[in-house]
Amino acid sequence: MPGTGILNLYREFLPVTESTPLITLGEGATPLVRSAQLSKLVECEDLFFKLEGSNPTGSFKDRGMVVAFAKAIEEHSTGAICASTGNTSASAAAYGARFNLPVIVVVPSGGISSSKLAQVRAHQAKIISVRGNFDEALSMVQRIAKEQSITIVNSVNQYRLEGQKTGAFEIIDQLGFSPDYIALPVGNAGNILSYWMGFSEYMHRGLVKSLPKMMGFQAEGASPIVENRPVENPVTIASAIRIGNPVNWEGALTSVKESKGVIEAVTDAEIVDACSKMASLEGIFCELASAASVAGILKLYKAGWNFQGKRVVCIITGSGLKQPDMTEHMRLSNIVEIPATFEALQSAIFESRSE
Ligand code: F0G
């Protein structure tokens, strides 16, 4: 039954006890859409997009947040805190508002998009803007959470990872088999680990016969795992993954190693190009960070990878509506302004057609 949420749907796979409230904002059950054009471009048997922007707050974070909040409520927590590049804070703020837990979000000043900030403020979370980057914000938040016993809802919280692994379950439930490759953007590196946990668990329980290779993509100016060293001042247009020292670094490496996958970097130009292609060729408007997964597949294809006979799923982690201010970097159609007359409309249509 759609709308029942992941705690209900996947409770046997989640840390649900008799006293865990099965709360939901309707997260999960997101569409898995077959590619119309890009699959041909990369000569792939089948390419799918898992549209995680269809979650209640517009990103994949809701899968993890609902479990983190359910456990926080079960444990009689008095509040939640997170550092965020935007989506985690939007999700935490929403679940806090709905389930009566005060939320504090700490964000890098100028480092999160206006629409994510609007979400947090609309949900009335306390918002603190730090003149620093995400990594600095997170290390302070970790310390506060420890000293003040406030529940931290970043992906250092194991329940977040548990919830996000349901994305992997859904892909198998929707396809009926495991794809060959999963491509996803990597920031703080929780999601790649969650997906690997999910696939491995289904395999372990005999619910699927094979495992996908995990392909993680970082933005070139914020690619500590690829470079094998923390990046002190990460830079990328994709603010959601502007992270220089991911907390789940080891977990990401394990996922890639165990699955015989890859972790690679894509440039900002490749991300913007992939985002434009998603919008103009597939009808899918996604966040720049989300487009890193698609950019990665395009890059590997150009580098000589053969996807013939392969089935690939790109995790589209967030909606493009999350980052409207970034569309200026993409290829956009022109706006023709006219006076309010029928003749002007007629000639505008005729002229734009003949262009
Ligand atoms: N895609 C989007 C849209 C994100 O918001 C994030 C992370 C990622 C990908 C990367 O996922 O961190 O699990 O590797 N956003 C976090 C935030 C950091 O604060 O919203 P990850």
Under 3.5 Å donor-acceptor, [X] side chain and [Y] backbone:
X	Y	answer
Glu170	Ala29	yes
Ser276	Met330	no
Ser115	Lys322	yes
Asn154	Val156	no
Ser84	Ser89	yes
Gln218	Ile225	yes
Asn8	Gly5	no
Asp268	Thr236	no
Ser91	Asn87	no
Thr166	Gly163	yes

Min side-chain heavy-atom separation [X]-[Y] under 4.5 Å:
X	Y	value
Leu175	Phe48	yes
Glu162	Met197	yes
Thr20	Lys71	yes
Tyr159	Pro15	yes
Thr4	Leu22	no
Lys310	Trp305	no
Asn188	Leu138	yes
Val208	Phe199	no

Exactly one of Ile297, Leu184, Ile263, Ile192 should register a side chain to side chain contact (heavy atoms under 4.5 Å, CB included) with Met215. Which one does?
Ile297

With respect to Met65, which candidate in Leu25, Asn157, Thr88 satisfies the side chain to side chain contact (heavy atoms under 4.5 Å, CB included) definition?
Thr88

Once you round to the nearest 0.5 Å, how far does [atom1] of [X] lie from [atom2] of [Y]?
X	Y	atom1	atom2	value
Tyr301	Asn306	OH	CG	9.0 Å
Cys275	Ile271	SG	CD1	9.0 Å
Ser178	Lys213	OG	NZ	10.0 Å
Arg160	Arg63	CZ	CZ	12.5 Å
Leu298	Leu38	CG	CG	6.0 Å
Leu9	Ile6	CG	CD1	8.5 Å

Do other residues, nucleotides or ligands put more than 12 heavy atoms under 6.0 Å from [X] [atom1]?
X	atom1	answer
Arg143	CZ	no
Glu258	CD	yes
Glu75	CD	yes

Over all heavy atoms of both residues, which pair between [X] and [Y] is shortest? Give the atoms and the distance, please.
X	Y	value
Ser194	Lys165	O-CB, 3.1 Å
Leu7	Ala70	CD1-CB, 3.7 Å
Thr78	Leu101	C-CD1, 4.1 Å
Arg229	Trp249	C-CH2, 3.5 Å
Ala189	Ala252	CB-CB, 3.8 Å
Ile237	Gln323	O-NE2, 4.1 Å

[Y] versus [X], side-chain donor and acceptor atoms under 3.5 Å:
X	Y	value
Gln119	Thr57	no
Thr267	Glu220	no
Lys277	Gln37	no

Is the distance from the ring center of Phe69 to that of Phe99 below 6.0 Å?
no

Ion pair present between Lys116 and Glu287, side-chain N to carboxylate O less than 4.0 angstrom?
yes

Can [Y] be reached from [X] by stepping across I, L, V, M, F, W or Y side chains whose heavy atoms are under 4.5 Å apart?
X	Y	result
Trp196	Ile182	yes
Met278	Leu41	yes
Phe134	Ile127	no
Ile316	Phe60	no
Val247	Met214	no

Between Phe307 and Tyr181, what is the ring plane arrangement, given parallel below 30°, perpendicular above 60°, and tilted in between?
perpendicular

Please step through side-chain contact (heavy atoms from CB on, under 4.5 Å) for the pair Ile338 and Leu345, ending with a clear verdict.
CA-CA 7 Å; Ile338 56 160; Leu345 176 63; 3.9 Å; yes

What verdict does the side-chain contact (heavy atoms from CB on, under 4.5 Å) test give for Lys299 and Phe217, after you've listed the backbone C-alpha separation in whole Å, the side-chain angles of each residue and the deciding distance to 0.1 Å?
CA-CA 10 Å; Lys299 181 178 177 162; Phe217 298 101; over 6 Å; no

Between Arg331 and Asp273, does a side-chain contact (heavy atoms from CB on, under 4.5 Å) hold up when you go through it step by step?
CA-CA 8 Å; Arg331 280 193 308 278; Asp273 177 59; 3.5 Å; yes

side-chain contact (heavy atoms from CB on, under 4.5 Å) evaluation trace for Tyr10 with Asp173:
CA-CA 11 Å; Tyr10 293 109; Asp173 293 346; 2.7 Å; yes

